[in-house]
Amino acid sequence: MDMAYMGYEAADLLPLVRELTERYTSKASTSVPWETAQQLMEAVLYCIGETQETGSGLGQNRELAGGEMMTAREAYDRGYHLVIRRAETVRKLYNKWIISFNGYESEGYSRTVTRNIPEFFKWYDPRFNPQQDFTGLDYPVPEDLGKRPGIDRVDRYLACIWTEQRFLGSLASDYVKTVLTAWGQDWRDQPVNLGEIVLRKILVHLLLGISPEETALEPDKYEALAAAVGSVSGERLAERLRGLSRGLATRYFPGDEALTAYLDCYIPVIAAELANGAAHGCLQRIV
């Protein structure tokens with residue numbers, strides 16, 4: 001993190017780091033290894049960043065209600081409490097939503113959501129290491145999780161998971177598994193996003209004007225798909241797929257802007273894969 005970005009001089013931050021160091025060592029010492037000192041400085045900056053980026057009202061602009069600029073201490077204290085509140089909110093939502101989670105027999109999906117995420121909450125340290133970059137987010141999601149690690153990234157990640165669950169949950173579980181099996185017999189062990197595979201299948205069927213309920217495509221349909229994909233530019237194909245995706249969201253998830261935006265994230269990859277498959281005659285391996 002960049003001190004200049006945070007807007008405070010080292011002289012403003014060092015007293016906070018010194019106090020955090022005393023807490024870290026239970027006041028036994030103000031001297032810690034360089035790596036620990038760096039970690040504690042990053043902890044201070046992370047909390048200040050939380051105030052600036054996710055704080056409410058004038059706090060986002062480093063101003064207090066009276067119009068005065070926030071001191072580094074005020075920004076840190078507010079950010080620290082925001083981090084605690086956010087972690088607790090995300091944990092409660094996780095405990096609520098995990099009850100209905102469906103991993104569709106995907107090893108990576110289930111492991112990430114049901115085992116790795118609880119480990120994050122178990123060991124997350126808002127005081128001394130709120131910026132810890134959690135490495136257990138193994139299941140891929142299409143949305144950009146941003147640059148901020150810690151609870152910020154896990155919050156964004158879980159939002160992706162729950163949105164994907166709403167999408168997949170609107171379909172029969174057997175249908176989802178049939179589509180995944182048609183994609184590849186070893187899908188349960190592959191680090192792939194299930195929503196992308198299912199959405200791609202549905203969009204291809206809509207593009208061809210056939211029912212998505214028909215999970216298998218005949219050879220002539222692949223020829224028609226290759227012609228449809230190959231006759232337009234990549235940009236035009238993406239626009240067409242995005243229109244179909246948004247129409248799908250409007251029909252089955254009216255008013256759910258988060259889901260519509262989430263499905264949009266899949267479109268560039270799906271369009272590129274279809275264009276590449278059509279160009280190299282391997283669409284049957286993709287859809």
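Not measured: the values here are computed from a predicted model.
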inquiry  = I'd like to know whether V17 forms a side-chain contact (heavy atoms from CB on, under 4.5 Å) with Y24, so could you lay out the CA-CA distance, the side-chain angles of the two residues, the decisive distance to 0.1 Å, and finally the verdict.
reply    = CA-CA 10 Å; V17 177; Y24 185 83; over 6 Å; no
task = State whether R240 and E235 are salt-bridged, where the test is any N-O pair (Lys NZ or Arg NE/NH1/NH2 against Asp/Glu carboxylate O) under 4.0 Å.
result = no
key: Backbone N/O of K147 and side chain of R153: donor-acceptor pair under 3.5 Å   = yes
request  = Evaluate the ring planes of Y109 and Y139, with Trp represented by its six-membered ring, and classify them as parallel (under 30°), tilted (30 to 60°) or perpendicular (over 60°).
outcome  = parallel
key: Electrostatic pair E50-R148, nearest N-O below 4.0 angstrom   = yes
request  = Using side-chain hydrogen bond (donor to acceptor under 3.5 Å, both in side chains) as the criterion, list what pairs up with E105, not counting sequence neighbours.
outcome  = K177, R188
Check: W34/Q38 side-chain N/O donor and acceptor closer than 3.5 Å = no
query = Which is it for R91 and E88 under the salt bridge (charged side-chain N to carboxylate O under 4.0 Å, His left out) test, yes or no, and what are the steps along the way?
reply = CA-CA 5 Å; R91 185 186 65 80; E88 182 63 15; 2.4 Å; yes
ask   = Do the charged groups of R200 and E273 touch, with an N to O distance under 4.0 Å?
value = yes
query = Which residues pass the side-chain contact (heavy atoms from CB on, under 4.5 Å) test with N129, sequence neighbours left out?
reply = Q39, D125, Q131, Q132
query = Side chains of T181 and W187: is there a donor and an acceptor less than 3.5 Å apart?
reply = yes
query = Is there a side-chain hydrogen bond (donor to acceptor under 3.5 Å, both in side chains) between D152 and Y46 once you walk through the steps?
reply = CA-CA 10 Å; D152 189 281; Y46 185 90; 5.3 Å; no
ask   = Is there a chain of hydrophobic side chains (I, L, V, M, F, W, Y, each step under 4.5 Å between heavy atoms) that links W97 to I117?
value = yes
task = Measure the CG-CZ distance between N116 and F121 for me, rounded to the nearest 0.5 Å.
result = 12.0 Å
Y262 and E164 side chains, donor-acceptor separation under 3.5 Å = yes
Which atom pairs, one a donor and one an acceptor, fall under 3.5 Å between side chains of residues 275-287 and the rest of the protein, sequence neighbours left out?
| residue | atom | partner | partner atom | Å |
| --- | --- | --- | --- | --- |
| N276 | OD1 | H280 | ND1 | 3.2 |
| H280 | ND1 | N276 | O | 2.9 |

